[in-house]
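These notes are about the structure you will find just below.
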Amino acid sequence: SNRYEVLLTKYNISKDENTTIVSLNYDTVLESALCHAGIPWHYRHVSTIVPRNPCSIRVLKPHGSLNWRFHGNKPPIEIGTNYCMSPVKCESREDNDFDEQMIIPPTQIKQTIMVAETQTPEVQKLFREIWTEAVGALHTASRVFVIGYSFPSTDLHLRTMFHLASRKRE
């Protein structure tokens, strides 16, 4: 049993459409533990052709995930997942024909790297939706589970998100 399985058992996390888990880890260990425990879950806002129950546990990953595929840098740009637990294989075939993992490093400039001059509209939209929903989930939740956060001084964006959620709760 791993730490996530202990967390799921200790806090009696089961299929609950009101549960949101915010994971700041790029890996899929949490998702694997949810699958192993038979708990349905889904990523919000990440396109997929795999059917998922929107009434299951929401997993928000404000820094992206190793199993989210980013393809191309000119239209059509694709961001999606097949819910595989293994990382997307990074490949480059031609100038605009590549696959890589969709991750955003938790740096001081995370917010500013998400502007039109540096990122595609698809990337901006995806992370804006995830970040907005994370604030909303933190605001309305009766229980909040944040995985993989050490409050680094470089992640001012996420600190601001927590502050905004806290102010909304007051």
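Along the sequence shown, residues are numbered consecutively beginning with 1.
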Is Met102 close to Phe127 at the side-chain level, that is, under 4.5 Å between some pair of heavy atoms?
yes
Can you name the nearest heavy-atom pair linking Gly38 to Pro40, along with the distance?
O-CD, 3.5 Å
For the student: nearest non-hydrogen atoms of Leu8 and Ala37, plus distance
CD1-CB, 4.1 Å
Which of Tyr43, Tyr83, Tyr26 passes side-chain hydrogen bond (donor to acceptor under 3.5 Å, both in side chains) with Asn67? Answer is Tyr43
Just wondering, do Leu34 and Val59 contact through their side chains at under 4.5 Å, heavy atoms?
yes
Just by distance, do the side chain of Ser166 and the backbone of Phe162 share a donor-acceptor pair under 3.5 Å?
no
Who are the side chain to side chain donor-acceptor pair (under 3.5 Å) partners of Thr28, not counting sequence neighbours?
none
Tell me every residue that passes side chain to side chain donor-acceptor pair (under 3.5 Å) with Asn25, counting only those two or more places apart in sequence or in another chain.
Tyr4
Does some side-chain heavy atom of Val135 sit less than 4.5 Å from a side-chain heavy atom of Lys168?
yes
Salt bridge (charged side-chain N to carboxylate O under 4.0 Å, His left out): which pairs involve residues 30-49, sequence neighbours left out?
Glu31-Lys61, Arg44-Glu133
Identify the heavy atoms of Pro62 and Ser23 that sit nearest to each other, and give their distance.
CD-O, 3.5 Å
Does Ile79 reach the side chain of Val123, with side-chain heavy atoms less than 4.5 Å apart?
yes
Please enumerate all residues that pass salt bridge (charged side-chain N to carboxylate O under 4.0 Å, His left out) together with Asp99, with sequence neighbours excluded.
Arg69, Arg93
Do Leu126 and Val46 make a side-chain contact, defined as non-hydrogen atoms from C-beta onward lying under 4.5 Å apart?
yes
Are Glu100 and Phe98 close enough that some pair of their side-chain heavy atoms sits under 4.5 Å apart?
yes
For Arg159, what residues pass the side chain to side chain donor-acceptor pair (under 3.5 Å) criterion, not counting sequence neighbours?
none
To the nearest 0.5 Å, how far apart are CD in Glu129 and NE2 in His45?
5.5 Å
Going hydrophobic residue to hydrophobic residue with side-chain gaps under 4.5 angstrom, can you get from Phe70 over to Val50?
yes
Taking the side chain as everything from C-beta on, heavy atoms only, tell me whether Leu24 gets closer than 4.5 Å to Val146.
yes
side-chain contact (heavy atoms from CB on, under 4.5 Å) partners for Gln101, two or more places apart:
Leu66, Pro87, Val88, Cys90
Would you mind reporting whether Asn82 and Ile49 have side-chain heavy atoms less than 4.5 Å apart?
no
Mind checking the CD1-CG spacing from Ile147 to Leu30? Nearest 0.5 Å is all I need.
6.0 Å
Cluster question for you: counting only ILVMFWY and a side-chain heavy-atom cut-off of under 4.5 Å, with indirect links fine, are Ile103 and Trp68 together?
no
How many angstroms lie between atom CG of Leu60 and atom OG1 of Thr20, to the nearest 0.5 angstrom?
5.5 Å
